[in-house]
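For reference, positions follow the sequence shown, starting with 1. Fair warning: this is a prediction, and the values are worked out from it, not measured in the lab.
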Amino acid sequence: MSAVNETKFKSAVFLLTGIPGQEDIHHWISIPFCLMYVISIVGNSVILFFIKTDPSLHEPMYIFLSMLAVTDLGISISTMPTILGIYLFNTREISFDACFAQLFFIQSFQCIESSVLLLMAFDRFIAIRDPLRYASTLTLPRIAKMGLVCVLRGVAVMLPLPLLLKRFQYCGVNVLSHSYCMDQEVMKLACSDIRVNSIYGLFITVLIAGLDSLLIFLSYVMILKTVMSISSYKEFLRALNTCVSHLCAVLIFYTPEFSLTLIHRYGKGSSPLLQILLGYVNLLVAPLMNPIVYSVKSKHLRARIIRVFVK
């Protein structure tokens with residue numbers, strides 16, 4: 001009994017893991033990770049800079065895009081210290097409090113991003129359904145309130161996670177299979193009954209990813225219904241084209257999110273390497289691709305960027 005208690009008190013840290021069996025080439029693996037972080041941080045910062053400094057981009061669509069860029073920056077900054085720490089410096093240890101803080105920030109920003117994608121779907125619906133009232137419907141004060149609700153929702157839903165995990169005792173070798181902290185993994189290392197955490201995790205999945213994706217789908221059903229009533233083929237294509245960037249962002253965000261959730265809950269026999277790679281895709285691809293997709297597909301933003309570099 002004393003040995004078990006001693007183990008509980010000695011294990012004051014979790015051990016993070018890179019890619020198993022590839023420890024000898026971790027320095028080489030760090031190169032693409034560094035490039036992804038540089039592109040993500042620079043790309044999202046550039047979008048924020050242009051939207052802030054160019055009055056012609058002070059429209060609802062671009063304000064929602066700036067919210068998306070902020071959440072992408074938050075996700076990148078939350079994961080960067082531990083991922084680069086492992087691959088560059090082989091720093092595997094992370095304290096309990098630091099781990100709980102990291103998983104809170106990662107999942108809060110992901111929840112906020114899901115909410116922002118839903119707002120962007122609503123924005124596209126209003127712009128296509130009622131373009132004459134678009135600016136008067138989505139005013140700056142109203143958008144600010146929507147953004148505040150997104151942040152409060154993310155914090156309120158995710159705050160119980162670290163609090164629930166903190167009350168557990170952890171015994172044995174606390175090795176995580178990822179290079180960052182996730183609540184699904186951390187709770188499995190607990191020596192206590194985790195049913196409450198498991199039920200709450202399922203509740204979060206249904207409330208956030210399930211509900212938001214359903215509402216986004218319904219928004220696009222209504223958008224498609226509106227677009228199909230447009231008689232001009234040119235206007236029909238123009239209306240659909242305004243949704244392409246958002247659709248790409250939705251697919252980039254939700255596809256790995258749902259895949260990883262299903263594997264963690266039901267794929268006990270799945271390859272550990274597949275879980276690790278999907279985890280990286282889930283956290284790193286959206287912040288990397290969103291600024292690229294919007295810079296390419298948004299005519300006004302693209303023109304603003306080109307003007308700066310041509311000068």
* Determine whether Val149 and Leu211 fall in the same hydrophobic cluster, where Ile, Leu, Val, Met, Phe, Trp and Tyr are linked whenever their side-chain heavy atoms lie under 4.5 Å apart. => no
Atom pairs and distances, donor-acceptor, side-chain atoms in residues 248-255, under 3.5 Å, two or more places apart:
from: Tyr254; atom 1: OH; to: Ser114; atom 2: OG; distance (Å): 2.6
from: Thr255; atom 1: OG1; to: Leu251; atom 2: O; distance (Å): 2.7

* **Ser295 vs Ile305 side-chain heavy atoms within contact, under 4.5 Å** => yes
* Considering residues at least two apart in sequence or located in another chain, which fulfil the ring-ring contact (aromatic ring centres under 6.0 Å, His included) criterion with His27? -> none
* Does a side chain donor of either Gln102 or Thr82 reach within less than 3.5 Å of an acceptor in the other side chain? -> yes
Atom pairs and distances, donor-acceptor, side-chain atoms in residues 15-24, under 3.5 Å, two or more places apart:
from: Thr17; atom 1: OG1; to: Leu176; atom 2: O; distance (Å): 2.5
from: Glu23; atom 1: OE1; to: Gly21; atom 2: N; distance (Å): 3.2
from: Glu23; atom 1: OE2; to: Gly21; atom 2: N; distance (Å): 3.4

* Side chain proximity check, Ile230 to Arg238, heavy atoms < 4.5 angstrom -> no
* Give a yes or no answer on whether the side chain of His26 reaches the backbone of Leu88 with a donor-acceptor pair at less than 3.5 Å. => no
* Would you mind reporting whether Phe168 and Val186 have side-chain heavy atoms less than 4.5 Å apart? => no
* Among Leu247, Val221, Leu117, find the residue that satisfies the side-chain contact (heavy atoms from CB on, under 4.5 Å) test when tested with Ile216. => Leu117
* To do: Could you tell me which non-hydrogen atom of Tyr200 sits nearest to which non-hydrogen atom of Ala156, and how far apart they are?
  => OH-O, 4.2 Å
* Asked: With clusters built from Ile, Leu, Val, Met, Phe, Trp and Tyr whose side-chain heavy atoms come within less than 4.5 Å, directly or transitively, what are the remaining members of the cluster of Leu148, listed by chain and number?
  -> Leu152
* Asked: Just by modelled atom types, is the Leu73 backbone N or O under 3.5 Å from a matching donor or acceptor in the Ser76 side chain?
  -> no
* Group every Ile, Leu, Val, Met, Phe, Trp and Tyr by side-chain heavy-atom contacts under 4.5 Å, then state whether Tyr134 and Leu132 land in the same group. => no
* Nearest non-hydrogen partners of Ile112 and Gly154, listed with the distance -> CG1-CA, 4.2 Å
* Side chains of Val157 and Gln107: closer than 4.5 Å at any heavy-atom pair? -> no
* Counterpart residues, salt bridge (charged side-chain N to carboxylate O under 4.0 Å, His left out), relative to Arg304 (two or more places apart) -> Asp54
* Asked: Out of curiosity, does Leu301 fall in the hydrophobic cluster containing Val244 (side-chain heavy atoms, cut-off under 4.5 Å, transitive links)?
  -> no
* Check for a donor-acceptor pair, side chain of Asn290 on one end and backbone N or O of Ala286 on the other, with a separation under 3.5 Å. => yes
* **Euclidean distance, Leu240 CG relative to Leu224 CG, rounded to 0.5 Å** => 7.0 Å
* Run the numbers on Phe104 and Leu161 for side-chain contact (heavy atoms from CB on, under 4.5 Å), then give the verdict. => CA-CA 7 Å; Phe104 167 72; Leu161 286 178; over 6 Å; no
* Asked: Counting only N and O atoms by type, is there a donor-acceptor contact under 3.5 Å from the side chain of Thr53 to the main-chain atoms of Phe49?
  -> yes
* Around Phe89, counting heavy atoms of other residues, nucleotides and ligands shown, do more than 12 lie under 6.0 Å from its CZ? -> no
* Asked: Counting distance only, does the side-chain N/O of Ser108 pair as donor-acceptor with the main-chain N or O of Phe105 below 3.5 Å?
  -> no
* **Between CG on residue Leu119 and CG on residue Leu215, distance to nearest 0.5 Å** => 11.0 Å
* Structure fact -> Tyr220 meets the ring-ring contact (aromatic ring centres under 6.0 Å, His included) criterion, sequence neighbours left out, with His246
* Asked: Can you say whether the rings of His300 and Tyr62 are parallel (under 30°), tilted (30 to 60°) or perpendicular (over 60°)?
  -> perpendicular
* **Contact list for residues 64-130, test disulfide bond (SG atoms under 2.5 Å apart), sequence neighbours left out** => Cys99-Cys181
* **Nearest-0.5 Å distance that lies between atom CZ in Arg195 and atom CD1 in Ile199** => 7.5 Å
* **Partner residues of Arg124 under the salt bridge (charged side-chain N to carboxylate O under 4.0 Å, His left out) criterion, sequence neighbours left out** => none
* **Partners passing side-chain hydrogen bond (donor to acceptor under 3.5 Å, both in side chains) against Thr242 (at least two apart in sequence or in another chain)** => none
* **pair Tyr280-Ser179: side-chain heavy atoms closer than 4.5 Å** => yes
* Asked: What heavy-atom pair brings Ser213 and Phe258 nearest, and what distance separates the two atoms?
  -> OG-CZ, 3.6 Å
* So, the side chain of Asn44 versus the backbone of Ser40: is there a donor-acceptor pair under 3.5 Å, distance only? -> yes
* Please lay out, stage by stage, how Leu283 and Gln110 fare under the test side-chain contact (heavy atoms from CB on, under 4.5 Å). => CA-CA 9 Å; Leu283 291 177; Gln110 285 192 306; 3.5 Å; yes
* Evaluate side-chain contact (heavy atoms from CB on, under 4.5 Å) for Leu284 paired with Phe33, printing each intermediate quantity in order. => CA-CA 9 Å; Leu284 302 181; Phe33 281 109; 3.4 Å; yes
* Would you say the side chain of Ser259 lies within less than 4.5 Å of the side chain of Val281, judging by non-hydrogen atoms? -> no
* Counting N and O atoms only, with roles assigned by atom type, does the side chain of Tyr180 sit under 3.5 Å from a partner on the main chain of Gly279, one being a donor and the other an acceptor? -> yes
* Asked: Once you round to the nearest 0.5 Å, how far does CZ of Arg129 lie from OG of Ser229?
  -> 8.5 Å
* To do: Evaluate the ring planes of Phe122 and Phe125, with Trp represented by its six-membered ring, and classify them as parallel (under 30°), tilted (30 to 60°) or perpendicular (over 60°).
  => tilted
* Output all residues satisfying side-chain hydrogen bond (donor to acceptor under 3.5 Å, both in side chains) with Asn282, sequence neighbours left out; order by chain, then residue number. => none
* Asked: Which pairs count as side-chain hydrogen bond (donor to acceptor under 3.5 Å, both in side chains) when at least one residue sits in residues 139-159, sequence neighbours excluded?
  -> Ser115-Arg153, Arg153-Asp212
* Looking at NZ of Lys52 and CD1 of Ile63, how far apart are the two atoms once the value is rounded to the nearest 0.5 Å? -> 12.5 Å
* Decide yes or no for Met182 and Leu260: does some side-chain heavy atom of the first lie under 4.5 Å from some side-chain heavy atom of the second? => yes
* To do: State, yes or no, whether a side-chain contact exists between Ile77 and Phe109 at a heavy-atom distance under 4.5 Å.
  => no
* To do: Supply the atom-to-atom distance Leu164 CG to Asp183 CG, rounded to the nearest 0.5 angstrom.
  => 9.5 Å
* Asked: How would you list, by chain and number, every residue that makes a side chain to side chain contact (heavy atoms under 4.5 Å, CB included) with Lys166, sequence neighbours excluded?
  -> Asp97, Phe100
* Where do Thr71 and Leu68 come nearest, in terms of heavy atoms and distance? -> OG1-O, 2.7 Å
* Report the C-alpha separation of Cys243 and Val227 in whole Å, then their side-chain angles, then the decisive distance to 0.1 Å, and conclude whether the side-chain contact (heavy atoms from CB on, under 4.5 Å) test is met. => CA-CA 11 Å; Cys243 300; Val227 168; over 6 Å; no
* Could Lys188 and Glu185 be called an ion pair, given the rule that one side-chain N must be under 4.0 Å from one carboxylate O? -> no
